Amino acid sequence: MTTQITKGTILTATSVCDSNCKWTANVLERKGSFIIALVNGEIVRKKVKVWNGEEYALLLGTYSMAPIFKIK
């Protein structure tokens, strides 16, 4: 069973470099495999991915140390 990101879900992420640096995002909308979320005062649209039965999104971009946003 996969955990699903839905409208109204709060996603959290922790920095790979500093465990004290954390982000939260509010999911505003879900359409198919994409979500629209509010993170750092900015609205972003990103694809939802699945790993080990958990959905996640890379809301701040795709790069080597990108924070992974998952359901809290």
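In this text the structure is predicted, and so the values were computed from the model without any measurement.
At a threshold of 4.5 Å between non-hydrogen side-chain atoms, the residues Trp23 and Phe69 count as touching.
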Any chance you could lay out the side-chain contact (heavy atoms from CB on, under 4.5 Å) test for Ile10 and Asn26, step after step, and finish with the verdict?
-> CA-CA 5 Å; Ile10 302 295; Asn26 185 13; 3.9 Å; yes
Evaluate side-chain contact (heavy atoms from CB on, under 4.5 Å) for Arg30 paired with Val48, printing each intermediate quantity in order.
-> CA-CA 9 Å; Arg30 168 86 187 239; Val48 174; 4.2 Å; yes
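In the hydrophobic cluster analysis, where Ile, Leu, Val, Met, Phe, Trp and Tyr join through side-chain heavy atoms closer than 4.5 angstrom, Val27 is grouped apart from Ile68.
For Asn20, the side chain to side chain contact (heavy atoms under 4.5 Å, CB included) test picks out Asp18, with sequence neighbours left out. Every residue meeting the side chain to side chain donor-acceptor pair (under 3.5 Å) condition with Thr6, not counting sequence neighbours, appears here in chain and number order: Thr9.
By the 4.5 Å side-chain criterion applied to Ile, Leu, Val, Met, Phe, Trp and Tyr, Leu38 is assigned to a cluster that also includes Leu28, Ile36, Ile43.
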For residues 57-65, which side-chain donor-acceptor pairs fall under 3.5 Å, sequence neighbours excluded?
none

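The closest donor-acceptor contact from the side chain of Glu55 to the backbone of Ile5 lies under 3.5 Å.
Judged as a side chain to side chain donor-acceptor pair (under 3.5 Å), the pairs with a partner in residues 32-45 (not counting sequence neighbours) are, in order, Ser33-Lys47. Listed by first then second residue, pairs satisfying salt bridge (Lys or Arg N to Asp or Glu O under 4.0 Å) with a partner in residues 19-29 read Glu29-Lys31, not counting sequence neighbours.
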